[in-house]
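One structure below.
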Amino acid sequence: MLRDTWVLFRHGVRVTLQQKIGMIFGAIQPLLFLVLFGPIFTTFGTWETLVPGLIIQLGLLSMGLAGFGVVFEKRSGVLERMRVTPASRLALLLGRVLNNVVTLVVQTVLLLVVAFAFGLRAPAIGLLAGFVLVVVLGASLAALSYAIALTMNEQLFAPVMSTAVIPLILLSGSFLPMSMAPGWLDAVSHISPFRYVLEALRDLFHGQYLTGTVGVGVAVTAVFAVVSLTIGTRVFNRANA
């Protein structure tokens with residue numbers, strides 16, 4: 001399985017590198033918010049509060065829509081041809097997910113480089129710990145996105161997922177902490193796991209590591225990863241059986 005995963009991952013990375021412009025454009029929206037909204041936000045907040053929100057936004061936009069790849073493969077018959085190969089079905093999923101994670105890492109690094117140029121001063125330990133959370137969250141989102149793409153009508157995937165991602169970004173508190181929202185909206189936002197991950201990222205970027213917020217964020221990320229990867233694996237196995 002490891003060999004199959006590596007082969008598929010390497011192929012995916014090669015294809016991704018041939019489309020560098022697409023990788024950059026995937027980070028354009030968070031970068032625009034950083035450049036155009038950041039200077040306004042920092043008149044009453046900090047870069048260490050804003051940038052984690054933009055990273056979550058990037059993750060949801062990039063990884064939440066990763067299933068588009070499977071939709072195209074279904075239409076072109078690529079997925080059908082892969083079904084008859086001896087490659088492990090789990091490897092077919094993991095190879096794609098790891099390639100998506102590499103894309104997210106590159107986009108996040110690009111965002112952080114620009115953020116540091118503007119004034120972000122997050123500590124190295126906080127950045128590293130936050131990076132681990134983002135990678136786990138990204139892999140989970142990608143696996144879940146593939147599962148949805150394989151179970152949903154391919155014509156509906158794009159509009160449904162695009163519509164779902166925006167409320168999830170807003171409810172996570174990406175632009176403004178949800179503590180500033182009306183009570184009812186703050187209560188609704190607690191349903192989203194991304195709020196807890198984002199709050200943990202903000203603590204880490206502020207140099208606060210052993211807090212209850214970080215603990216909850218790590219726990220929610222771990223549970224979300226287990227659930228998403230389990231669903232993704234089962235759906236992928238069933239769809240490619």
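For the numbers below, each heavy atom of this structure counts, side chains included, while hydrogens, waters and symmetry mates do not.
- Formation of a donor-acceptor pair under 3.5 Å by the Thr151 side chain with backbone atoms of Ile148 is found in this model.
- The closest donor-acceptor contact from the side chain of Glu48 to the backbone of Leu120 lies at 3.5 Å or more, if one exists at all.
- The nearest pair of heavy atoms linking Leu168 to Ser192 is CD2-OG, 4.3 Å.
- The side chain to side chain donor-acceptor pair (under 3.5 Å) analysis of residues 33-47, with sequence neighbours excluded, yields the pairs Thr46-Thr49, Thr46-His206.
- The side-chain contact (heavy atoms from CB on, under 4.5 Å) test applied to Pro159 returns no partner, not counting sequence neighbours.
- Met161 and Val97 fall within the same hydrophobic cluster, where Ile, Leu, Val, Met, Phe, Trp and Tyr residues are linked whenever their side-chain heavy atoms come under 4.5 Å apart, directly or through other members.
- For the pair Leu133/Leu204, a side-chain contact is recorded, criterion being any heavy-atom separation below 4.5 Å from C-beta on.
- Evaluation of the side-chain contact (heavy atoms from CB on, under 4.5 Å) rule for Leu170 yields Ile166, Phe175 as partners, not counting sequence neighbours.
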Item checked: Audit row: Phe118, Val35, side-chain contact (heavy atoms from CB on, under 4.5 Å) steps and yes/no -> CA-CA 8 Å; Phe118 270 80; Val35 174; 3.9 Å; yes

Note to self: Between Gln107 and Leu111, does the side-chain contact (heavy atoms from CB on, under 4.5 Å) criterion hold? Intermediate values first, please.
What the structure shows: CA-CA 6 Å; Gln107 292 174 333; Leu111 180 64; over 6 Å; no

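- Phe131 is linked by a ring pair (Phe, Tyr, Trp, His ring centres under 6.0 Å) to nothing, counting only residues two or more places apart in sequence or in another chain.
- In terms of the salt bridge (Lys or Arg N to Asp or Glu O under 4.0 Å) criterion, residue partners of Glu199 (sequence neighbours excluded) are, by chain and number, Arg195.
- Note that CE of Met180 is 12.0 Å distant from CG of Asp186, once rounded to the nearest 0.5 Å.
- Taking every heavy atom of both residues into account, Leu229 and Ala139 meet most closely at CD2-O, 4.2 Å.
- A side chain to side chain donor-acceptor pair (under 3.5 Å) check over residues 125-146, counting only residues at least two apart or in different chains, returns the pairs Asn100-Tyr146.
- Side-chain atoms of Leu104 and Val135, non-hydrogen and from C-beta on, never get closer than 4.5 Å to each other.
- Every side-chain contact (heavy atoms from CB on, under 4.5 Å) that Leu127 has, sequence neighbours left out, goes to Leu112, Phe116, Ala122, Phe205.
- Hydrophobic cluster membership is shared by Val235 and Leu141, with clusters built from Ile, Leu, Val, Met, Phe, Trp and Tyr side chains linked at under 4.5 angstrom.
- Every residue two or more places apart in sequence or in another chain that forms a ring pair (Phe, Tyr, Trp, His ring centres under 6.0 Å) with Phe194 is listed here: Phe224.
- Counting all heavy atoms, side chain and backbone alike, Gly130 lies closest to Leu201 at CA-CD2, 3.4 Å.
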In residues 210-223, what donor-acceptor pairs under 3.5 Å come from side-chain atoms, sequence neighbours left out?
unit_1: Thr211; atom_1: OG1; unit_2: Asp203; atom_2: OD2; d: 2.8
unit_1: Thr211; atom_1: OG1; unit_2: Val214; atom_2: N; d: 3.1
unit_1: Thr221; atom_1: OG1; unit_2: Gly217; atom_2: O; d: 2.7

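- Remark: Phe37 pairs with Phe41 by the ring pair (Phe, Tyr, Trp, His ring centres under 6.0 Å) rule, at least two apart or across chains.
- Minimum heavy-atom separation, Gly173 to Arg202: O-NH2, 2.8 Å.
- Across Leu34 and Ala115, no two heavy atoms sit closer than the pair CD2-N, 3.7 Å.
- Residues Met63 and Val227 fall within the same hydrophobic cluster, defined by Ile, Leu, Val, Met, Phe, Trp and Tyr side chains chained together at heavy-atom separations under 4.5 Å.
- Across all non-hydrogen atoms, the minimal contact from Ile231 to Ala147 is CG2-CB, 3.9 Å.
- Residues Val134 and Val105 form no side-chain contact, since every pair of their non-hydrogen atoms from C-beta on lies 4.5 Å or further apart.
- Here Leu144 contributes atom CG and Ser228 contributes atom OG; the two are 4.5 Å apart, rounded to the nearest 0.5 Å.
- Tracing side-chain contacts under 4.5 Å through hydrophobic residues (I, L, V, M, F, W, Y), one reaches Leu36 starting from Val113; they form part of the same cluster.
- Contacts classified as side chain to side chain donor-acceptor pair (under 3.5 Å) and involving residues 169-183 (residues at least two apart or in different chains) are given here: Ser172-Ser174.
- Residues passing the side-chain contact (heavy atoms from CB on, under 4.5 Å) test with Val165 are Leu60, Leu61, Leu65, Ile169, sequence neighbours excluded.
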